[in-house]
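Contents: one structure, followed by commentary.
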Amino acid sequence: MMEYIWLVPAFPLVGVVINGLFGRSYLRERAHLVAVPAAGLSFLVALLIALEVVAGRTLDLHLYPWIVAGHFQVPIGFLVDPLATVMMLTVTFVGLLIHIYSIGYMHGDPGYPRFFAYLNLFMFSMLILVLANNYLFMFLGWEGVGLCSYLLIGFWYEKKAATDAGNKAFLVNRVGDAGFLLGLFLLWTTCGTLEYGAIFAQTATLQASLTAPAVGGVSLVTWITLLLFIGAMGKSAQLPLYVWLPDAMEGPTPVSALIHAATMVTAGVYMVARSSPLYSLAPPTLELVATIGALTALFAATIACVQTDIKRVIAYSTISQLGYMFLGAGVGAYASGIFHLATHAFFKALLFLGAGAVIHALHGEQDLQRMGGLRRPLKLTAYTFLIGAAANAGVFPLAGFWSKDEILFAAFTTGHYGLWALGLAGAFLTAFYMTRLYCLTFEGPFRGDPAPARHLHDAPPSMALPLLGLALGSVVVGGLLGYPPEHGLVHQFLAPSLAAAPEAAGHASAWLLAGLSLGVAGAGIGAGTLLYLRWRDVPELLAARFQRAYRLLWHQYYVDELYDAIFVDGFLRFCRLFWKVDENVVDGAVNGTADVTMRVSNGSDWNDIKIVDGAVNRIADIIQGCSATWRYVQTGLVQNYLMAMVLGIFLIVSLYMVL
């Protein structure tokens, strides 16, 4: 069965083609009948292949040559190993549940078939990213999920806020991708290949040249890993390239759950883990990865404590939890980082889908200050949301407890005591803002419009089933795969795919540190319960007492305003300077030349002037005719370009199969 790994991404691609060609005209409100089975078949094949991997099989499959240009050769190929299997199962299972959830959530939307085409396209791209056997093919999926993020954030393109958020995500990720591409160029120049197996096999023979001081006294492997990590910071929303993710909440809530919580934003973590043989040769890069992760975890957690948009709180929680994953990878605990990636996919998707059920019941309301008291009318949503919040807070024995505490334990035992302290502070704030989020949404009196409150209803079956599935995963996955800590099933399974973790510098008890972390989480839950369930007036008094601190957190440390002043306004001023140069120098020279020409032409033969003018007019007619023709191709509509790309891929694959 493993040789048919290409079927895993192929099924969603078929769904894209069918819904893309026939969804709007024929399928319409039945588009899910194509998209959901495509996701389901993909998960089924992934599950069958995973059983073979558990039995000890791996596969590096080369389907056919993709790019052959002299010594530069890149195949279309798939790598099936334990790391790819964990990612593949996470993407297909969570993706399937979110496809099912979208049936109810997106019902009646005029873009219903387009939405499911985009979801299938995302699954195809993400599966290419995690199953590719070389960096360039992975980069194709990397850019594919970026495109889908742009399309789905701006799905409701009639809203300016949605299109602005899509543009912001696209531009910020281009910054990271520029660094990623430079890393790929340097990697190929150094190793002569972009295939994982060939590169990692050379790490032993090329270790001396890779680790020797090179450009600026920094080793080649450090430069390579730093540049790759820049791409990871953009894709996985780490400081300072995190600013796109909170605004990405303008897209439909299932998009937030699938792309911006469970799968796409973890691509950077996966890339670092996949490249662990290289990162283990670059201690300075690992220190940077760990430091950025710890700072991001605490930074985003402080902002989440004061936000009032239900999805924005969860978005900042996502940024914070991604920071923990990078902290784990940075201290060499790659398996723990991937374990947290998998558990996070369950409880964070659950939180977003629970928020979506609340928004759906309140007819689009997202303001926490206009919620409250929803536990009784929305029982299923409330209890599943509580499970997700507790798992995110690290409550024993839920999934988040096992994976996050392993990361903190690894940071402590490798001697990163400062980073461990930052992570512990982030754990307190995580428990606090998760308690605040639950209490403001489901407890206390209802603070919104009383008219819709009389007709509140819980999630329909298509939305309830995914909530129950994700809640079950949030309860059992951590203990089943993570016990005993650092030696659980998931660690044993992932070990062959990852570089060995560094030796522990300390000998602290895992259970002692876990107990400390659990106590800190309990303190955060207690503080949140007191402030938002019993002493409801105190938060407003504290905000008024510490106005400057509150305003700083409310405006997210003014990072967006700073970026606007430096990069947006600064770039505009730079452009205006060149416009002045163009206006006064270039246009002045052109106008001066025209004046001289006119004076000369006044003394020329009139027939000569008519001949020249006729030739110029003829050329202008030709250019206008060509422009009118090309206007039908260059429409400026992304969906048209996407359709052309899909048709082109379909034709190429068809020709290949025929020939």
Do [X] and [Y] have side chains that get closer than 4.5 Å, going by heavy atoms?
X      : Y      : answer
Met87  : Leu341 : yes
Arg312 : Gln366 : no
Leu245 : Thr318 : yes
His344 : Lys404 : no
Phe115 : Pro254 : yes

Is the backbone of [Y] close enough, under 3.5 Å, to the side chain of [X] for a donor and an acceptor to pair up by distance?
X      : Y      : answer
Thr263 : Leu258 : yes
Arg370 : Asp367 : no
Trp244 : Gly234 : yes

Atom [atom1] of [X] and atom [atom2] of [Y]: how far apart are they, to the nearest 0.5 Å?
X      : Y      : atom1 : atom2 : answer
Leu419 : Leu408 : CG    : CG    : 10.5 Å
Ile230 : Leu182 : CD1   : CG    : 8.0 Å
Trp142 : Asp177 : CH2   : CG    : 7.0 Å

Please report the closest heavy-atom contact between [X] and [Y], naming both atoms and the distance.
X      : Y      : result
Tyr324 : Ala427 : OH-N, 2.9 Å
Thr435 : Gly528 : CG2-C, 3.6 Å
Thr266 : Met126 : OG1-CE, 4.5 Å
Phe116 : Ala35  : CD2-CB, 3.5 Å
Gly268 : Ala232 : CA-CB, 3.7 Å
Ile314 : Ala355 : CD1-CB, 3.9 Å

Within the 3.5 Å criterion, strictly below it, is a donor on [X] or [Y] matched to an acceptor on the partner's side chain?
X      : Y      : answer
Tyr433 : Ser317 : yes
Tyr242 : Thr296 : no
His555 : Asp560 : no
His260 : Ser149 : yes
Tyr112 : His32  : yes
Tyr316 : Thr302 : no

(request) Test Phe567 against Tyr563 for ring-ring contact (aromatic ring centres under 6.0 Å, His included), laying out the working first. (result) CA-CA 6 Å; Phe567 298 110; Tyr563 283 6; 5.6 Å; yes
(message) Before you tell me yes or no, could you show the steps for Ile310 and Met371 under side-chain contact (heavy atoms from CB on, under 4.5 Å), namely the whole-Å CA-CA distance, both residues' side-chain angles and the distance that decides it to 0.1 Å?
(response) CA-CA 10 Å; Ile310 186 171; Met371 297 182 187; 4.1 Å; yes
What do you reckon, is [atom1] of [X] surrounded by more than 12 foreign heavy atoms closer than 6.0 Å?
X      : atom1 : value
Glu158 : CD    : yes
Phe170 : CZ    : no
Arg447 : CZ    : yes

(request) Could you walk me through whether Tyr334 and Tyr279 pass ring-ring contact (aromatic ring centres under 6.0 Å, His included), step by step? (result) CA-CA 10 Å; Tyr334 302 107; Tyr279 277 86; 7.7 Å; no
(request) Show your reasoning for whether ring-ring contact (aromatic ring centres under 6.0 Å, His included) applies to Phe442 and Tyr438. (result) CA-CA 6 Å; Phe442 295 102; Tyr438 173 80; 5.3 Å; yes
(request) Please say whether the positively charged group of Arg436, taken as NZ for Lys or CZ for Arg, lies over the ring of Phe432, i.e. under 6.0 angstrom from the six-membered ring centre and within 45 degrees of the axis. (result)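 Verdict for Phe432: no cation-pi partner in Arg436.
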(request) Please assess Thr225 against Phe229 for the test side-chain contact (heavy atoms from CB on, under 4.5 Å), listing each intermediate value before the final yes or no. (result) CA-CA 6 Å; Thr225 50; Phe229 181 59; over 6 Å; no
(message) Using side-chain contact (heavy atoms from CB on, under 4.5 Å), reason through Tyr118 and Met123 one step at a time and then give a plain yes or no.
(response) CA-CA 9 Å; Tyr118 289 169; Met123 279 195 67; over 6 Å; no
(message) Could you check whether Arg174 pairs with Glu143 (Lys NZ or Arg NE/NH1/NH2 to Asp/Glu carboxylate O, under 4.0 Å)?
(response)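 Yes.
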(request) Please report the C-alpha distance between Ser42 and Leu127 in whole Å, then the side-chain angles of each, then the deciding distance to 0.1 Å, and finally whether the side-chain contact (heavy atoms from CB on, under 4.5 Å) criterion is met. (result) CA-CA 10 Å; Ser42 182; Leu127 288 168; 3.6 Å; yes
(message) Could you walk me through whether His99 and Asn120 satisfy the side chain to side chain donor-acceptor pair (under 3.5 Å) test, starting with their C-alpha distance in whole Å, then the side-chain angles of each, then the deciding distance to 0.1 Å, before giving a yes or no?
(response) CA-CA 9 Å; His99 273 70; Asn120 273 172; 3.0 Å; yes
(request) Let me see the working for Tyr135 and Phe139 under ring-ring contact (aromatic ring centres under 6.0 Å, His included), right down to the final yes or no. (result) CA-CA 6 Å; Tyr135 280 100; Phe139 187 67; over 10 Å; no
